[in-house]
Amino acid sequence: MRAVRVHQTGGPEVLRLDEVDAPRPGPGEALIRVAVAGVNMADVGMRAGFFHGAGRLPATPGFEAGGDVEAVGDGVDGSWVGRRVVAELLGGYAEYAVAPADALIAVPDGLALEDAIAVPIQGLTALGALRDGGRLADGDTVLVTGAAGGVGSQAVQIARALGAELAAALAGAAEKRALALDLGADAAVDYRAEDWEDQVRAVTGSGERPGPVPGGNPMQAAPGVADLALDGVAGPVTAGLLRLAVPRTGRIVTVGGASGAPPDLDVFELNRRNLTVTGFSLPTWAQLPGWRAQAAGLLLGWLRDGRVRVVRGPEFPLDRAVDAHRALEDRSATGKLILRVA
Ligand SMILES: NC(=O)c1ccc[n+]([C@@H]2O[C@H](COP(=O)([O-])OP(=O)(O)OC[C@H]3O[C@@H](n4cnc5c(N)ncnc54)[C@H](OP(=O)(O)O)[C@@H]3O)[C@@H](O)[C@H]2O)c1
């Protein structure tokens with residue numbers, strides 16, 4: 001079969017299309033004939049060598065794939081064979097890939113595979129980070145970073161579906177902010193602007209400036225505007241999210257660092273504002289028995305009733321995985337990037 005492989009870690013050019021033997025499903029596994037592979041930031045991390053999941057080389061990237069189940073291993077319900085599925089797995093950039101049976105998500109009739117493929121990683125991360133990591137409550141004001149990206153574009157909509165009163169999108173280019181508004185964000189702010197925090201304060205209603213209360217105790221926090229922030233960008237953006245958070249109850253969920261920098265976490269600001277900063281890792285949450293099935297069922301329901309829609313991003317053939325990675329890394333893409341395998 002054809003498979004993209006990384007022989008040595010590095011830039012996008014290290015992705016090579018090879019002819020290799022197809023994998024076989026072991027006990028508890030299913031073999032998927034891959035039609036589309038999702039392209040995720042984690043694939044970039046694996047290719048570049050800084051992601052802990054890289055394993056031994058040569059290896060096939062791709063943490064997400066969708067297609068039909070071709071065969072199952074021992075201990076797996078045979079009724080999966082022939083069903084259309086999407087799954088989080090290893091080695092998705094190939095004509096065949098093996099997934100743990102408990103990672104299979106059946107694609108409901110009427111939902112396109114090109115939309116369902118946005119569920120296993122980006123959709124479940126957006127849902128899990130907001131609901132389980134960030135404990136989104138009815139009436140919350142929520143900030144979403146990278147709001148036109150794969151996780152962000154779903155998070156803006158999921159925040160509303162979970163009961164947020166106001167969802168504000170943080171995004172770079174003007175067309176990305178326009179997309180976020182089109183998805184239902186109440187406001188969109190360019191967080192590359194120097195005064196982006198002031199802009200967020202203005203659009204979320206309070207307009208109050210940060211800093212110590214004049215004449216007051218310098219360890220007292222100024223008012224904040226955001227109950228919850230989803231941070232997939234990190235770097236200095238995280239410091240701004242801290243300053244915007246509502247004292248005592250504000251939560252920041254960090255899911256990643258698309259900017260390439262670690263979160264700029266000013267612990268003194270954290271203390272002063274009595275905030276909660278928490279991490280969210282999808283693979284770790286998905287270890288909880290039943291979590292993935294419940295979360296995927298909820299999200300697939302919202303995709304079917306239109307409460308959440310997938311923004312389809314650029315599509316590349318398998319032999320152009322290099323270009324797919326470039327599009328993620330140069331920040332030009334929006335929505336869900338896929339590789340068309342069959
Ligand atoms: N914890 C988990 O389990 C988990 C699961 C999936 C994803 N993630 C993480 O979540 C984050 C978002 O993932 P995604 O799949 O939504 O990625 P994506 O589609 O590429 O979106 C990421 C967004 O980050 C913004 N960004 C800011 N600085 C950037 C830079 N230097 N290079 C590239 N993008 C930059 C871009 O928006 P602007 O141009 O508008 O700023 C981009 O749209 C990533 O950090 C990813 O690793 C975590």
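Every value quoted in this text rests on a predicted model; they were computed, and no experiment measured them. Residues: numbered from 1 along the sequence shown. All ligand and atom numbering here is 1-based and tracks the order in the structure.
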Atoms of ligand 1 close to [X] [distance to a heavy atom under 4.0 angstrom, numbered from 1]:
X    : answer
A171 : 40 (O)
G257 : 45 (O)
G232 : 11 (C), 44 (C), 45 (O)
V233 : 24 (O), 25 (C), 27 (C)
G149 : 16 (O), 19 (O), 21 (O), 43 (O)
L328 : 20 (O), 33 (C)
G172 : 38 (P), 40 (O), 41 (O)
G256 : 45 (O)

Q) Under 3.5 Å, side chain of R47 to main-chain N/O of G10, donor-acceptor pair present? A)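 It does hold such a pair.
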Do [X] and [Y] share a hydrophobic cluster, counting only Ile, Leu, Val, Met, Phe, Trp and Tyr and linking them when any side-chain heavy atoms are less than 4.5 Å apart?
X    : Y    : answer
F63  : L31  : no
V253 : L124 : yes
L17  : M1   : no
L90  : V76  : yes

Any N or O on [X] sitting closer than 3.5 Å to an N or O of ligand 1?
X    : value
G146 : no
N40  : no
L170 : no
A258 : yes
G152 : no

Q) For A126 and V151, which heavy atoms make the closest approach, and how far apart are they? A)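 Looking at all heavy atoms of both residues, the shortest contact is CB-O, 3.7 Å.
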Q. Any idea which heavy atoms bring D186 and L166 closest together, and the distance?
A.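 In this case the closest contact between D186 and L166 is OD2-CA, 3.3 Å.
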To check your reading of the model: name the closest protein heavy atom to [atom], its residue, and the distance in Å.
atom                    : value
atom 4 (C) of ligand 1  : T125 CG2, 3.7 Å
atom 15 (O) of ligand 1 : Q122 NE2, 2.7 Å
atom 16 (O) of ligand 1 : V151 N, 2.7 Å
atom 19 (O) of ligand 1 : G150 N, 2.8 Å
atom 47 (O) of ligand 1 : M41 CB, 3.5 Å
atom 1 (N) of ligand 1  : F280 O, 2.7 Å

(Q) For Y191, state whether at least one heavy atom is located under 4.0 Å from any atom of ligand 1. (A)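 True for this residue.
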**Q.** Non-hydrogen atom of G260 closer than 4.0 Å to ligand 1
**A.**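 Contact absent.
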(Q) Consider salt bridge (Lys or Arg N to Asp or Glu O under 4.0 Å). Of D231, D227, D132, D140, which one does R251 pass it with? (A)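 Of the listed residues D231, D227, D132, D140, the salt bridge (Lys or Arg N to Asp or Glu O under 4.0 Å) partner of R251 is D140.
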Q. Under 4.0 Å from ligand 1, counting heavy atoms only, is it the side chain of S281, its backbone, both or neither?
A.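 Answer for S281: backbone.
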Heavy-atom neighbours of [X] [atom1] exceed 12 at 6.0 Å:
X    : atom1 : value
D21  : CG    : no
E194 : CD    : no
R192 : CZ    : yes

Q) Got a second to check how far E70's CD is from I32's CD1, nearest 0.5 Å? A)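 Nearest 0.5 Å value for the CD-CD1 distance: 11.0 Å.
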Q: Check step by step if salt bridge (charged side-chain N to carboxylate O under 4.0 Å, His left out) holds for D266 and R273.
A: CA-CA 11 Å; D266 177 349; R273 304 184 80 75; over 6 Å; no
**Q.** Selection from L124, V255, L282, D330 by shortest heavy-atom distance to atom 9 (C) of ligand 1
**A.**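 Minimum heavy-atom distance to atom 9 (C) of ligand 1 goes to V255.
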